[in-house]
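Chain letters run A, B, ... following the sequence lines, proteins first and then strands; every chain starts at 1.
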Amino acid sequence: MTRLEDQVRKALIAEADRRTVDLDALWDATRARLRPHRRGRVVALVAAAVVAIVVGVGAVVWLGDGGTQDRPIERPTQAPTPPQVSPSPAVIEQPRARVLRLDLANVLSVYFAGTDHAIAVWDVCERWTYGCMATMLTRTDDGWASSDVMPPFNNSRFGSGLSASTDGSIAMIGPRPRIRLLEPDGQVHEIAAVTHQPTPASLDEAIFQSSWNTGLWAYDWELGWAHPMPRPRYIDNLQAVAPPTEGRLWVLGSGDDGYYVAWTDDGGATWVEHALAPLSEPSGLAVGPNGEVLVLVGDARSGAFSDSKSIITYDNGATWQRFEPSGGPTWLTYGSGVVALSDGTAFAVDGHDHVLWTSSGDWQEWTRVPQAGRVSSIQTNGELLWAGHGPKQIVVSDDGGQTWQAVIPG
Amino acid sequence: VRGSSVEVDSAFVAVFRTNATRVVRLAALLGAADPEDAAQEAFVRLYAVYGSRIAADADAGPYLNRVVVNLVRSRQRRVVVAGRRLADLAVASVHDSAEVTAVRRADRHEVLAALAALPHRRREAVVLRYWLDLPYADIADAMGVSPGTAKSLVSRGLAAIGRQLAEEDES
């Protein structure tokens, strides 16, 4: 993409993002303009014609006999008013799990997972500009149930948030500056960043990354919810955020002149940034428990991992080295990703053949995880692993990837 | 008929929820005077064919793109716009420095002004290409032209924006 193309694209995105849409009002107005389906209209016309014929014949008969017989006049019964369908319920009950269609170049990712792995929210995007739909999956005695969660995450081009709490409460962020808190019982509370009255409730620790160029919210460092935390100087668009480890927060994102990985120890007051190689296309960021940080990078032109733009540090960012492991993914694309469990086990997805890889220790030796099946995205809250490849291949593991349970049987 | 009460199944509501914001924004970027109204009309038309011409489980995005492009185009033909409404300046992030903010705001303004000055079809092609990231075949489908024409319109539109920006720089 040329500089001019990039300039045009950014201007269009910025202009589009400015326009907020009140979906409730728009739906109300749209619904008022809807007309019955043509099939319904045809049926109605046929029915009307039949009624007219019957009435006409009846009238002839009635008039034919002089109208002397008392015949009851049948009045058409008024059609019952159909039930109102609200476009924005907090939760729409569904009997069984389902995930909305995934028929384009879509991205399936876990947004949040409670540590009791009772609830997870998946984000289903057809294309990033097409908007996304969040689906909450809940484990029940009868399997998995799902419910739609408002609102669609419009323009969620990048994975946009994470949170883990011990009681199953989860949180999400939508189009700026709205933050929503989703309780285990399905209640949704909006925490608007502009209200200055945040109610984080039961969240132990949460970091929020918004969708496009909108900021980073955190409840750590006594920041509260009132304002986004200061971002790194050179990063405009956040792509990935790792859960904070011992107070250090790592982020990955891009600016006008490329991609950077950055960290802060003081809630964003100061950042240390490290530029990635030119023409990098980062796939993800994994932060281990002992100062290891891995940035898996593909080539922006080819997507190939073999060009080795990936970097790793074993001293919390003090020094970096090229990452040239044995085995592991060969092709990195957006959405493939890399994550690390709290015990330091890393998992990465090959964007080409959709194979899940794992490594422990210094992350130099990688082996396949065939039991996960085909995987195109991987997410974790540090304890649980969620992997997905389309709506019918969603699996979760709570034993470090040894065994996997299908969330939605294929 | 306004005020009519039509039973709408949840699948269509989901389609609406998934696409509505994008449709409004597309209409706005194409220069619609009332993007929300255009979006409403687009969904009304979608509903009329939903389940018949457009299968309930099909992707409604391409159809909506096509309808919005046509709606905005036809309205622009009918309505004499006294002054072409330039998109407001993009609001920069509160995190940007004043200097960076000023530069970006100016850049966006110039790009959007150049975009607004394009002939309709070039503007459509540029928006579909660089905002929706559509391939040329899909742009052609949305605009009702051949892929070659779509590519040409994108190229010419982009070139015109480049020239406009260069002139701005020189002045």
- Query: If every non-hydrogen atom of R25(B) is compared with every non-hydrogen atom of A16(A), which pair is closest and at what distance?
  - Reply: NE-O, 2.8 Å

- Can you find a pair of side-chain heavy atoms, one from V13(B) and one from W27(A), that are under 4.5 Å apart? yes

- Proximal component of L29(B), with respect to chain A [non-hydrogen, under 4.5 Å]: side chain

- Item | Proximity breakdown for V126(B) and chain A, heavy-atom pairs closer than 4.5 Å | both

- Locate the shortest heavy-atom distance separating V44(B) from T30(A); write the atom from each residue and the value. CG2-O, 4.2 Å

- Task: Take atom CZ of R156(B) as the centre, draw a 6.0 Å sphere, and report whether it contains more than 12 heavy atoms from other residues, nucleotides or ligands.
- Result: no

- Query: L158(B) versus L4(A): any side-chain heavy-atom pair under 4.5 Å?
  - Reply: yes

- Hey, could you give me the CZ/CG distance between R9(A) and L132(B), rounded to the nearest 0.5 Å? 11.5 Å

- Task: Check each atom of L165(B) against the heavy atoms of chain A and say whether the ones under 4.5 Å are side chain, backbone, both or neither.
- Result: side chain

- Shortest non-hydrogen contact from Y47(B) to L34(A)? CB-CD2, 3.6 Å

- Please examine the side chains of L12(A) and V111(B), heavy atoms only from C-beta on, and report whether any two atoms are closer than 4.5 Å. no

- Query: Measuring from Y130(B):OH to Q7(A):CD, what's the distance to the nearest 0.5 Å?
  - Reply: 12.5 Å

- Note, L26(A) side chain near F16(B) side chain (heavy atom, < 4.5 Å): yes

